[in-house]
Amino acid sequence: MAGAFEAFGPEALKTVDAATFREAMARLGAAVHVVTTAGRAGRTGFTATAVCSVSDQPATLLVCLNRRSRGTPALRENGVFCVNTLAADGQEIADTFAGRTGAAGEERFKVGDWMTLATGAPVLRSAAVAFDCRTIDVKTVATHNVFFAVVEAVHIGEACPALVYHERSYKRV
Ligand SMILES: Cc1cc2nc3c(=O)[nH]c(=O)nc-3n(C[C@H](O)[C@H](O)[C@H](O)COP(=O)(O)O)c2cc1C
């Protein structure tokens, strides 16, 4: 884990504490995504706000997933995933894939209508947009793995209000 921070020298890094950082991050409104994967390691997924565009040439994005998440081994082994950006009516799907209903792995797909595009990762038909991705690199930073991936296909959903997570609540934008 030290690897990513060694470049900054031997002295301890000064940071705000975790609680302050979490409180600060709660002020940021963020789109809610369900990141899904399928392949040899099975089908699973998780809810994420830590998704970011990296480059449009080649089309590349990143997703940050806690190393303790049960989805981590499957995401690594399958090498493909789909970022499904939820529409405003996707709150039940968000809670299911955040583990809030108790459903795990394959069970989480009982909610939603799923299809596949290029990589075989599950694509949510009702998503505002879905990015079908192939992993090209994984970096471990602190508590998380950062998955970099190229976008092989997109599913543009119908124009609709978005689901945003802000101050620890879902909001419709
Ligand atoms: C709105 C929301 C956003 C989340 N964003 C992330 C995220 O970006 N990265 C992450 O690792 N976990 C995130 N989580 C937590 C995971 O969804 C949750 O820990 C995971 O699905 C449940 O863990 P399990 O898959 O191990 O059961 C988020 C949860 C919620 C409700």
Side-chain angles (χ1 to χ4, degrees), residues 1 3-5 15-16 18-54 60-112 114 121-124 126-133 135-149 151 157 160-173:
M1 192 161 70
F5 299 108
T15 71
V16 294
T20 303
F21 183 63
R22 293 178 79 98
E23 190 57 38
M25 291 303 292
R27 301 292 175 99
L28 269 69
V32 182
H33 317 271
V34 164
V35 179
T36 55
T37 186
R40 276 193 328 183
R43 225 164 51 131
T44 191
F46 60 95
T47 299
T49 49
V51 171
C52 183
S53 160
V54 174
T60 308
L61 55 72
L62 67 78
V63 172
C64 302
L65 176 60
N66 193 297
R67 290 193 291 159
R68 289 191 188 164
S69 167
R70 286 181 284 180
T72 297
L75 204 63
R76 274 187 173 276
E77 193 179 331
N78 291 339
V80 296
F81 61 84
C82 183
V83 174
N84 298 279
T85 306
L86 298 178
D89 64 2
Q91 202 171 314
E92 186 193 0
I93 298 176
D95 279 342
T96 302
F97 281 84
R100 291 175 171 175
T101 64
E106 175 65 38
E107 265 183 291
R108 292 181 179 172
F109 294 91
K110 283 183 185 160
V111 291
W114 302 93
V123 178
L124 182 66
S126 63
V129 63
F131 302 86
D132 194 19
C133 300
T135 303
I136 53 162
D137 202 0
V138 185
K139 303 263 185 230
T140 302
V141 180
T143 51
H144 280 57
N145 285 316
V146 186
F147 291 80
F148 293 86
V151 180
C160 57
L163 188 66
V164 166
Y165 202 62
H166 180 236
E167 292 183 329
R168 301 186 176 91
S169 307
Y170 296 113
K171 293 180 183 172
R172 189 186 170 91
V173 174

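Heads up: numbering here begins at 1 and tracks the sequence. When a ligand or atom number is given, it counts from 1 through the structure's own listing order.
Ligand 1 lies out of reach of A104, whose nearest heavy atom is not under 4.0 Å from it. Proximity of R100 to ligand 1 is established by a heavy-atom distance of less than 4.0 Å. In this structure, R108 has a heavy atom closer than 4.0 Å to ligand 1. Residue contacts with ligand 1 do not include H33, since none of its heavy atoms lies under 4.0 Å from the ligand. Judged by the shortest distance from any of its heavy atoms, V32 lies outside the 4.0 Å radius around the atoms of ligand 1.
Of the candidates A30, A48, S69, S69 brings a heavy atom nearest to atom 23 (O) of ligand 1. Of the listed residues (S169, A98, G105), the one carrying the non-hydrogen atom nearest atom 22 (C) of ligand 1 is A98.
For ligand 1, the atoms closer than 4.0 angstrom to any heavy atom of F46 are 21 (O). Within the listing of ligand 1, atoms 11 (O) sit less than 4.0 angstrom from a heavy atom of L65. Interface atoms of ligand 1 facing R70, defined by a heavy-atom separation under 4.0 Å, are 24 (P), 26 (O), 27 (O). Using a 4.0 Å cut-off to heavy atoms of A50, the atoms of ligand 1 that qualify are 8 (O). Those atoms of ligand 1 that come under 4.0 Å of a heavy atom in T49, given as number and element, are 3 (C), 4 (C), 5 (N), 6 (C), 7 (C), 8 (O).
Note that CG of D132 is 9.5 Å distant from CZ of F81, once rounded to the nearest 0.5 Å.
Under 4.0 Å from ligand 1, the heavy atoms of C64 that appear belong solely to its backbone.
Judged by distance alone, the side chains of N145 and T140 do bring a donor and an acceptor atom under 3.5 Å apart.
The pair R100-E92 does not count as a salt bridge, with every side-chain nitrogen at least 4.0 angstrom from each carboxylate oxygen.
At least one N or O atom of N66 sits closer than 3.5 Å to an N or O atom of ligand 1.
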